[in-house]
Amino acid sequence: MNVTSASEASLLREDDRAALLEWFAERVAFDGPLAAYTSWKIGGPADALVCAQSEEEIARVMRLCLRRKLPWFVLGSGSNLLIGDGGIRGIVLRLGGAFAQIEAHVDGGRVVLEAGASANMAQVTARGASAGALGIEGLVGIPGTVGGSLRMNAGTDREFGEFVQEVWVQSPSRPAPHSVDIRYFYRHTTLPRDAIVSRVRLAFEHGDPAQVREAMQAKLVRRKQTQPIALPNAGSCFRNPPGEKAARLIEAVGAKGWSEGAAQVSTLHANFINNLGGATACDVATLLARVRRAVCERFGVELQLEVHLVGAFVAGEAERSA
Ligand SMILES: Cc1cc2nc3c(=O)[nH]c(=O)nc-3n(C[C@H](O)[C@H](O)[C@H](O)COP(=O)(O)OP(=O)(O)OC[C@H]3O[C@@H](n4cnc5c(N)ncnc54)[C@H](O)[C@@H]3O)c2cc1C
(Lines give C-alpha, C1' and ligand atoms only; values in the text may rest on other atoms or scores of the structure.)
Protein backbone atom coordinates (compact mmCIF):
# COMPACT_ATOMS: atom_id res chain seq x y z
CA MET A 1 0.00 0.00 0.00
CA ASN A 2 1.08 3.48 -0.83
CA VAL A 3 0.91 5.74 2.24
CA THR A 4 1.30 9.38 1.42
CA SER A 5 -0.17 12.69 2.39
CA ALA A 6 -3.68 13.32 1.13
CA SER A 7 -2.62 16.73 -0.08
CA GLU A 8 0.26 15.45 -2.22
CA ALA A 9 0.36 17.27 -5.55
CA SER A 10 -0.28 15.72 -8.95
CA LEU A 11 2.74 14.01 -10.53
CA LEU A 12 1.69 15.05 -14.02
CA ARG A 13 3.45 17.88 -15.81
CA GLU A 14 1.65 20.13 -18.25
CA ASP A 15 3.17 18.25 -21.19
CA ASP A 16 1.91 14.91 -19.77
CA ARG A 17 -1.59 16.35 -19.55
CA ALA A 18 -1.35 17.76 -23.06
CA ALA A 19 -0.24 14.38 -24.46
CA LEU A 20 -3.05 12.51 -22.68
CA LEU A 21 -5.60 15.06 -23.90
CA GLU A 22 -4.36 14.77 -27.46
CA TRP A 23 -4.54 10.94 -27.38
CA PHE A 24 -7.73 10.43 -25.37
CA ALA A 25 -9.76 13.68 -25.69
CA GLU A 26 -12.99 13.18 -23.70
CA ARG A 27 -11.74 9.78 -22.47
CA VAL A 28 -9.29 11.37 -20.01
CA ALA A 29 -10.28 13.24 -16.83
CA PHE A 30 -7.88 15.05 -14.51
CA ASP A 31 -8.06 15.32 -10.71
CA GLY A 32 -11.55 13.81 -10.51
CA PRO A 33 -12.72 11.56 -7.62
CA LEU A 34 -12.71 7.79 -8.13
CA ALA A 35 -15.62 7.06 -5.78
CA ALA A 36 -18.03 6.52 -8.68
CA TYR A 37 -15.75 3.77 -10.03
CA THR A 38 -15.77 1.57 -6.94
CA SER A 39 -18.51 -0.60 -5.46
CA TRP A 40 -17.84 1.00 -2.04
CA LYS A 41 -18.46 4.44 -3.60
CA ILE A 42 -15.30 5.64 -1.89
CA GLY A 43 -12.06 7.03 -3.31
CA GLY A 44 -10.20 10.33 -3.73
CA PRO A 45 -9.00 11.87 -7.01
CA ALA A 46 -6.78 10.39 -9.71
CA ASP A 47 -4.19 12.68 -11.30
CA ALA A 48 -5.52 11.28 -14.58
CA LEU A 49 -8.21 8.71 -15.28
CA VAL A 50 -7.90 7.32 -18.79
CA CYS A 51 -10.23 4.96 -20.62
CA ALA A 52 -8.17 2.88 -23.09
CA GLN A 53 -10.12 1.17 -25.86
CA SER A 54 -7.42 -0.76 -27.69
CA GLU A 55 -4.17 -2.58 -27.04
CA GLU A 56 -2.35 0.21 -28.89
CA GLU A 57 -3.81 2.76 -26.46
CA ILE A 58 -2.66 0.71 -23.46
CA ALA A 59 0.80 0.48 -25.05
CA ARG A 60 0.90 4.27 -25.49
CA VAL A 61 0.17 4.86 -21.81
CA MET A 62 2.71 2.22 -20.79
CA ARG A 63 5.40 3.90 -22.90
CA LEU A 64 4.58 7.29 -21.37
CA CYS A 65 4.75 5.83 -17.85
CA LEU A 66 8.09 4.17 -18.60
CA ARG A 67 9.60 7.29 -20.17
CA ARG A 68 8.36 9.65 -17.44
CA LYS A 69 8.67 7.12 -14.57
CA LEU A 70 5.02 7.75 -13.72
CA PRO A 71 3.14 5.33 -11.47
CA TRP A 72 -0.05 3.81 -12.88
CA PHE A 73 -2.88 1.65 -11.68
CA VAL A 74 -5.43 -0.43 -13.58
CA LEU A 75 -9.01 -0.36 -12.39
CA GLY A 76 -11.55 -3.08 -13.17
CA SER A 77 -15.03 -2.52 -11.85
CA GLY A 78 -13.61 -1.48 -8.47
CA SER A 79 -15.46 -4.22 -6.57
CA ASN A 80 -12.46 -5.30 -4.53
CA LEU A 81 -10.81 -1.97 -3.85
CA LEU A 82 -10.49 0.52 -1.02
CA ILE A 83 -9.06 3.66 -2.61
CA GLY A 84 -7.62 6.16 -0.12
CA ASP A 85 -9.31 9.52 0.46
CA GLY A 86 -6.13 11.16 -0.90
CA GLY A 87 -6.64 9.42 -4.25
CA ILE A 88 -4.11 7.92 -6.65
CA ARG A 89 -1.07 9.71 -8.05
CA GLY A 90 -0.11 9.09 -11.65
CA ILE A 91 -2.36 7.50 -14.27
CA VAL A 92 -5.38 5.32 -13.53
CA LEU A 93 -6.41 3.18 -16.49
CA ARG A 94 -9.81 1.74 -17.22
CA LEU A 95 -10.42 -0.50 -20.21
CA GLY A 96 -13.42 0.01 -22.47
CA GLY A 97 -14.57 -0.44 -26.05
CA ALA A 98 -13.48 -3.76 -27.59
CA PHE A 99 -12.15 -4.94 -24.20
CA ALA A 100 -15.77 -5.62 -23.16
CA GLN A 101 -16.31 -8.21 -25.91
CA ILE A 102 -17.01 -11.89 -25.26
CA GLU A 103 -17.06 -14.67 -27.86
CA ALA A 104 -18.15 -18.24 -27.22
CA HIS A 105 -17.65 -21.33 -29.37
CA VAL A 106 -17.39 -25.08 -28.96
CA ASP A 107 -14.06 -26.64 -29.88
CA GLY A 108 -13.24 -30.34 -29.53
CA GLY A 109 -15.99 -30.92 -26.98
CA ARG A 110 -15.03 -27.91 -24.88
CA VAL A 111 -16.73 -24.54 -24.53
CA VAL A 112 -14.19 -21.81 -25.22
CA LEU A 113 -14.82 -18.21 -24.13
CA GLU A 114 -12.61 -15.42 -25.47
CA ALA A 115 -13.13 -12.34 -23.32
CA GLY A 116 -11.64 -8.88 -23.17
CA ALA A 117 -10.38 -7.76 -19.76
CA SER A 118 -13.22 -5.32 -19.12
CA ALA A 119 -15.99 -7.82 -19.93
CA ASN A 120 -18.11 -8.12 -16.83
CA MET A 121 -18.48 -11.44 -15.08
CA ALA A 122 -22.30 -11.34 -15.17
CA GLN A 123 -22.16 -11.34 -18.97
CA VAL A 124 -19.35 -13.88 -19.10
CA THR A 125 -21.26 -16.33 -16.88
CA ALA A 126 -24.51 -15.77 -18.81
CA ARG A 127 -22.79 -16.39 -22.17
CA GLY A 128 -21.00 -19.42 -20.78
CA ALA A 129 -24.19 -20.90 -19.35
CA SER A 130 -26.00 -20.50 -22.68
CA ALA A 131 -23.16 -22.40 -24.34
CA GLY A 132 -23.25 -25.15 -21.66
CA ALA A 133 -19.97 -24.28 -19.90
CA LEU A 134 -19.86 -26.74 -17.01
CA GLY A 135 -18.46 -25.25 -13.79
CA ILE A 136 -19.05 -21.63 -14.74
CA GLU A 137 -21.85 -21.54 -12.17
CA GLY A 138 -19.04 -21.40 -9.57
CA LEU A 139 -18.20 -17.89 -10.84
CA VAL A 140 -21.74 -16.50 -10.83
CA GLY A 141 -22.58 -13.38 -8.82
CA ILE A 142 -19.03 -11.99 -8.75
CA PRO A 143 -19.50 -8.32 -9.67
CA GLY A 144 -16.09 -7.85 -11.29
CA THR A 145 -14.44 -7.70 -14.69
CA VAL A 146 -12.44 -10.48 -16.32
CA GLY A 147 -9.13 -8.66 -15.64
CA GLY A 148 -9.90 -8.04 -11.96
CA SER A 149 -11.21 -11.58 -11.49
CA LEU A 150 -8.05 -13.04 -12.99
CA ARG A 151 -5.83 -10.86 -10.78
CA MET A 152 -7.85 -11.92 -7.72
CA ASN A 153 -8.43 -15.53 -8.81
CA ALA A 154 -12.00 -14.76 -7.81
CA GLY A 155 -14.46 -17.52 -7.15
CA THR A 156 -16.66 -19.43 -4.76
CA ASP A 157 -16.50 -23.23 -4.80
CA ARG A 158 -14.75 -22.94 -8.21
CA GLU A 159 -12.05 -20.37 -9.04
CA PHE A 160 -11.38 -18.28 -12.14
CA GLY A 161 -7.89 -19.74 -12.62
CA GLU A 162 -9.24 -23.29 -13.01
CA PHE A 163 -10.66 -22.32 -16.39
CA VAL A 164 -7.89 -20.13 -17.82
CA GLN A 165 -6.26 -21.43 -20.98
CA GLU A 166 -4.31 -18.36 -22.07
CA VAL A 167 -3.77 -14.79 -20.82
CA TRP A 168 -2.46 -11.80 -22.77
CA VAL A 169 -0.85 -8.92 -20.88
CA GLN A 170 0.95 -5.64 -21.51
CA SER A 171 3.41 -3.78 -19.28
CA PRO A 172 5.71 -0.73 -19.41
CA SER A 173 8.78 -2.89 -20.10
CA ARG A 174 6.88 -4.91 -22.75
CA PRO A 175 3.99 -2.79 -24.06
CA ALA A 176 2.94 -5.12 -26.92
CA PRO A 177 0.38 -7.81 -25.97
CA HIS A 178 2.02 -11.12 -25.12
CA SER A 179 0.87 -14.28 -23.41
CA VAL A 180 2.12 -15.26 -19.93
CA ASP A 181 1.98 -18.34 -17.70
CA ILE A 182 0.37 -17.70 -14.36
CA ARG A 183 -0.16 -19.79 -11.24
CA TYR A 184 -3.33 -19.37 -9.23
CA PHE A 185 -3.79 -19.45 -5.47
CA TYR A 186 -6.60 -18.60 -3.07
CA ARG A 187 -7.52 -15.00 -4.02
CA HIS A 188 -4.14 -14.21 -5.53
CA THR A 189 -1.95 -15.17 -8.49
CA THR A 190 1.59 -14.86 -9.82
CA LEU A 191 0.44 -12.31 -12.43
CA PRO A 192 3.32 -9.78 -12.43
CA ARG A 193 2.41 -6.58 -10.56
CA ASP A 194 3.18 -4.41 -13.58
CA ALA A 195 1.06 -6.48 -16.00
CA ILE A 196 -2.25 -5.29 -17.41
CA VAL A 197 -4.41 -8.16 -18.56
CA SER A 198 -5.92 -7.27 -21.94
CA ARG A 199 -7.69 -10.53 -22.85
CA VAL A 200 -8.21 -14.07 -21.64
CA ARG A 201 -9.21 -17.43 -23.11
CA LEU A 202 -11.25 -19.68 -20.83
CA ALA A 203 -12.19 -23.33 -21.48
CA PHE A 204 -14.88 -25.48 -19.88
CA GLU A 205 -16.24 -28.97 -20.25
CA HIS A 206 -19.29 -28.97 -22.49
CA GLY A 207 -22.57 -29.75 -20.73
CA ASP A 208 -26.27 -29.14 -20.91
CA PRO A 209 -27.06 -25.39 -20.90
CA ALA A 210 -30.33 -25.94 -18.96
CA GLN A 211 -28.45 -27.77 -16.21
CA VAL A 212 -25.80 -25.02 -15.95
CA ARG A 213 -28.50 -22.30 -15.84
CA GLU A 214 -30.37 -24.12 -13.10
CA ALA A 215 -27.22 -24.48 -10.96
CA MET A 216 -26.47 -20.80 -11.55
CA GLN A 217 -29.94 -19.70 -10.51
CA ALA A 218 -29.73 -21.66 -7.26
CA LYS A 219 -26.43 -19.99 -6.40
CA LEU A 220 -27.78 -16.52 -7.15
CA VAL A 221 -30.79 -17.09 -4.88
CA ARG A 222 -28.52 -18.24 -2.05
CA ARG A 223 -26.25 -15.22 -2.53
CA LYS A 224 -29.21 -12.83 -2.25
CA GLN A 225 -30.22 -14.48 1.01
CA THR A 226 -26.80 -14.37 2.63
CA GLN A 227 -25.10 -11.20 1.32
CA PRO A 228 -26.05 -7.50 1.46
CA ILE A 229 -25.75 -7.16 -2.31
CA ALA A 230 -27.96 -4.04 -2.55
CA LEU A 231 -25.61 -1.91 -0.39
CA PRO A 232 -22.26 -0.37 -1.38
CA ASN A 233 -19.51 -2.73 -0.18
CA ALA A 234 -16.61 -4.72 -1.61
CA GLY A 235 -17.72 -8.24 -0.78
CA SER A 236 -15.60 -10.14 1.72
CA CYS A 237 -12.99 -7.86 3.28
CA PHE A 238 -10.76 -10.60 4.71
CA ARG A 239 -9.56 -13.89 3.25
CA ASN A 240 -10.66 -17.04 5.03
CA PRO A 241 -7.83 -18.37 7.21
CA PRO A 242 -6.91 -22.02 6.43
CA GLY A 243 -9.75 -24.32 7.53
CA GLU A 244 -11.77 -21.42 8.97
CA LYS A 245 -14.27 -18.76 7.89
CA ALA A 246 -13.32 -15.14 8.50
CA ALA A 247 -17.03 -14.30 8.85
CA ARG A 248 -17.45 -16.81 11.69
CA LEU A 249 -14.53 -15.33 13.65
CA ILE A 250 -15.76 -11.77 13.11
CA GLU A 251 -19.29 -12.67 14.18
CA ALA A 252 -17.92 -14.48 17.25
CA VAL A 253 -16.24 -11.31 18.54
CA GLY A 254 -19.60 -9.55 18.29
CA ALA A 255 -18.55 -7.22 15.48
CA LYS A 256 -21.76 -7.39 13.42
CA GLY A 257 -23.20 -3.87 13.43
CA TRP A 258 -19.97 -2.16 14.62
CA SER A 259 -19.52 1.17 12.89
CA GLU A 260 -16.99 3.95 12.28
CA GLY A 261 -18.44 7.08 10.74
CA ALA A 262 -20.77 5.85 8.00
CA ALA A 263 -19.05 2.46 7.60
CA GLN A 264 -20.75 -0.50 9.27
CA VAL A 265 -19.97 -4.21 9.62
CA SER A 266 -22.91 -5.87 7.87
CA THR A 267 -25.50 -7.38 10.17
CA LEU A 268 -26.20 -9.99 7.45
CA HIS A 269 -22.65 -11.13 6.59
CA ALA A 270 -19.93 -10.30 9.13
CA ASN A 271 -17.12 -10.21 6.53
CA PHE A 272 -18.80 -7.38 4.59
CA ILE A 273 -18.53 -3.68 5.48
CA ASN A 274 -21.29 -1.46 4.11
CA ASN A 275 -21.08 2.21 3.25
CA LEU A 276 -24.29 3.55 4.78
CA GLY A 277 -23.84 6.85 2.92
CA GLY A 278 -20.84 9.16 2.83
CA ALA A 279 -18.33 6.78 4.45
CA THR A 280 -14.68 7.66 3.87
CA ALA A 281 -11.74 5.34 3.25
CA CYS A 282 -10.58 6.41 6.71
CA ASP A 283 -13.86 5.12 8.24
CA VAL A 284 -13.51 1.75 6.50
CA ALA A 285 -9.78 1.40 7.27
CA THR A 286 -10.40 2.19 10.94
CA LEU A 287 -13.20 -0.37 11.11
CA LEU A 288 -11.07 -3.01 9.34
CA ALA A 289 -8.32 -2.45 11.91
CA ARG A 290 -10.76 -2.68 14.83
CA VAL A 291 -12.22 -5.96 13.56
CA ARG A 292 -8.81 -7.42 12.88
CA ARG A 293 -7.53 -6.47 16.33
CA ALA A 294 -10.58 -7.99 18.06
CA VAL A 295 -10.21 -11.29 16.16
CA CYS A 296 -6.48 -11.43 16.90
CA GLU A 297 -6.97 -10.75 20.62
CA ARG A 298 -9.72 -13.37 20.95
CA PHE A 299 -8.48 -16.13 18.62
CA GLY A 300 -4.81 -15.32 17.95
CA VAL A 301 -5.62 -15.28 14.20
CA GLU A 302 -4.20 -12.45 12.04
CA LEU A 303 -6.83 -11.92 9.36
CA GLN A 304 -5.39 -11.08 5.92
CA LEU A 305 -7.10 -8.49 3.75
CA GLU A 306 -8.80 -9.73 0.60
CA VAL A 307 -9.67 -6.20 -0.55
CA HIS A 308 -6.79 -4.26 -2.08
CA LEU A 309 -5.94 -0.94 -0.42
CA VAL A 310 -4.58 1.52 -2.96
CA GLY A 311 -3.65 5.16 -3.22
CA ALA A 312 -2.92 7.85 -0.67
CA PHE A 313 -4.28 7.24 2.81
CA VAL A 314 -4.36 9.99 5.38
CA ALA A 315 -1.51 9.47 7.88
CA GLY A 316 -2.46 7.05 10.66
CA GLU A 317 -5.41 5.44 8.90
CA ALA A 318 -3.34 3.18 6.67
CA GLU A 319 -0.95 2.04 9.39
CA ARG A 320 -3.91 0.98 11.48
CA SER A 321 -5.33 -1.22 8.72
CA ALA A 322 -2.10 -2.58 7.26
C1 LIG B 1 -21.30 -7.85 -3.45
C2 LIG B 1 -19.94 -8.44 -3.78
C3 LIG B 1 -19.79 -9.82 -3.82
C4 LIG B 1 -18.54 -10.37 -4.14
N5 LIG B 1 -18.43 -11.74 -4.18
C6 LIG B 1 -17.24 -12.30 -4.48
C7 LIG B 1 -17.09 -13.73 -4.55
O8 LIG B 1 -18.04 -14.49 -4.36
N9 LIG B 1 -15.87 -14.24 -4.82
C10 LIG B 1 -14.78 -13.44 -5.04
O11 LIG B 1 -13.69 -13.95 -5.29
N12 LIG B 1 -14.89 -12.08 -5.00
C13 LIG B 1 -16.09 -11.50 -4.73
N14 LIG B 1 -16.19 -10.13 -4.67
C15 LIG B 1 -14.99 -9.30 -4.87
C16 LIG B 1 -14.76 -8.83 -6.32
O17 LIG B 1 -15.97 -8.80 -7.05
C18 LIG B 1 -13.76 -9.73 -7.05
O19 LIG B 1 -12.52 -9.71 -6.42
C20 LIG B 1 -13.60 -9.28 -8.52
O21 LIG B 1 -12.98 -10.30 -9.23
C22 LIG B 1 -12.80 -7.99 -8.67
O23 LIG B 1 -12.88 -7.58 -10.03
P24 LIG B 1 -12.86 -6.03 -10.41
O25 LIG B 1 -12.92 -5.93 -11.87
O26 LIG B 1 -13.93 -5.30 -9.66
O27 LIG B 1 -11.43 -5.62 -9.89
P28 LIG B 1 -10.99 -4.29 -9.12
O29 LIG B 1 -11.64 -4.28 -7.77
O30 LIG B 1 -11.19 -3.11 -9.98
O31 LIG B 1 -9.44 -4.56 -8.96
C32 LIG B 1 -8.97 -5.63 -8.15
C33 LIG B 1 -7.48 -5.85 -8.47
O34 LIG B 1 -7.37 -6.33 -9.80
C35 LIG B 1 -6.51 -5.49 -10.55
N36 LIG B 1 -7.00 -5.45 -11.93
C37 LIG B 1 -8.20 -5.04 -12.40
N38 LIG B 1 -8.25 -5.14 -13.74
C39 LIG B 1 -7.05 -5.60 -14.15
C40 LIG B 1 -6.47 -5.89 -15.41
N41 LIG B 1 -7.12 -5.70 -16.56
N42 LIG B 1 -5.19 -6.35 -15.42
C43 LIG B 1 -4.49 -6.53 -14.28
N44 LIG B 1 -4.98 -6.27 -13.05
C45 LIG B 1 -6.25 -5.81 -12.98
C46 LIG B 1 -6.59 -4.13 -9.87
O47 LIG B 1 -5.45 -3.34 -10.18
C48 LIG B 1 -6.68 -4.54 -8.42
O49 LIG B 1 -5.40 -4.82 -7.91
C50 LIG B 1 -17.44 -9.55 -4.38
C51 LIG B 1 -17.60 -8.14 -4.35
C52 LIG B 1 -18.84 -7.60 -4.07
C53 LIG B 1 -19.01 -6.11 -4.08
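Atoms within each ligand, like the ligands themselves, are counted from 1 in listed order.
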Do Val212 and Leu134 come close enough that some side-chain heavy atom pair is under 4.5 Å?
yes
Could you list the atoms of ligand 1 found under 4.0 angstrom from a heavy atom of Ala154?
10 (C), 11 (O), 21 (O)
Once you restrict to heavy atoms under 4.0 Å, what part of Thr38 touches ligand 1? Side chain, backbone, both or neither.
neither
With a 4.0 Å cut-off on heavy atoms, does Met121 reach ligand 1?
no
Heavy atom of the protein closest to atom 41 (N) of ligand 1 (residue, atom name, distance):
Val197 O, 3.1 Å
Would you call Arg201-Glu114 a salt bridge at under 4.0 Å N-O?
yes
Residue Asp181 excluded, over 12 heavy atoms near CG under 6.0 Å:
no
May I ask you to identify the nearest protein heavy atom to atom 29 (O) of ligand 1, giving residue, atom name and distance to one decimal place in Å?
Asn80 N, 2.8 Å
Minimum distance, heavy atoms only, to atom 21 (O) of ligand 1: which one of Gly78, Ser198, Gly144, Ser149 is it?
Ser149
Hey, are the side chains of Val310 and Phe73 touching, using non-hydrogen atoms and a 4.5 Å cut-off?
yes
Between Ser10 and Arg17, does any side-chain donor sit less than 3.5 Å from a side-chain acceptor?
yes
For Ala195 and ligand 1, answer yes if some heavy atom of the residue is under 4.0 Å from a ligand atom, otherwise no.
yes
Any donor-acceptor pair under 3.5 Å linking the side chain of Ser118 with the backbone of Ala100?
yes
Can you name the closest pair of heavy atoms from Leu139 and Phe160 and give their distance?
CD2-N, 3.6 Å
Starting from atom 14 (N) of ligand 1, find the nearest protein heavy-atom neighbour and note its residue, name and distance.
Pro143 CD, 4.2 Å
What's the shortest distance from atom 44 (N) of ligand 1 to any protein heavy atom, and which residue and atom give it?
Arg151 NE, 3.3 Å
Give every residue pair that meets the ring pair (Phe, Tyr, Trp, His ring centres under 6.0 Å) criterion with at least one member in residues 234-290, sequence neighbours excluded.
His269-Phe272
Protein contact to atom 13 (C) of ligand 1 [nearest heavy atom, distance to 0.1 Å]:
Ile142 CG2, 4.2 Å
Number the atoms of ligand 1 from 1 as they appear, then name those within less than 4.0 Å of a heavy atom of Ala117, with their elements.
41 (N)
Look at atom 25 (O) of ligand 1 and say which protein heavy atom is nearest, naming residue and atom and giving the distance to 0.1 Å.
Thr145 OG1, 2.6 Å
Nearest protein heavy atom with distance in Å, relative to atom 6 (C) of ligand 1
Arg223 NH1, 4.0 Å
Least distance between heavy atoms, Val124 atom then Ile136 atom
O-CD1, 3.7 Å
Minimum side-chain heavy-atom gap Val169-His178 below 4.5 Å:
yes
Does Val74, backbone or side chain, put an N or O under 3.5 Å from an N or O of ligand 1?
yes
Protein contact of atom 27 (O) of ligand 1 - nearest heavy atom, named by residue and atom, plus distance
Gly148 CA, 3.5 Å
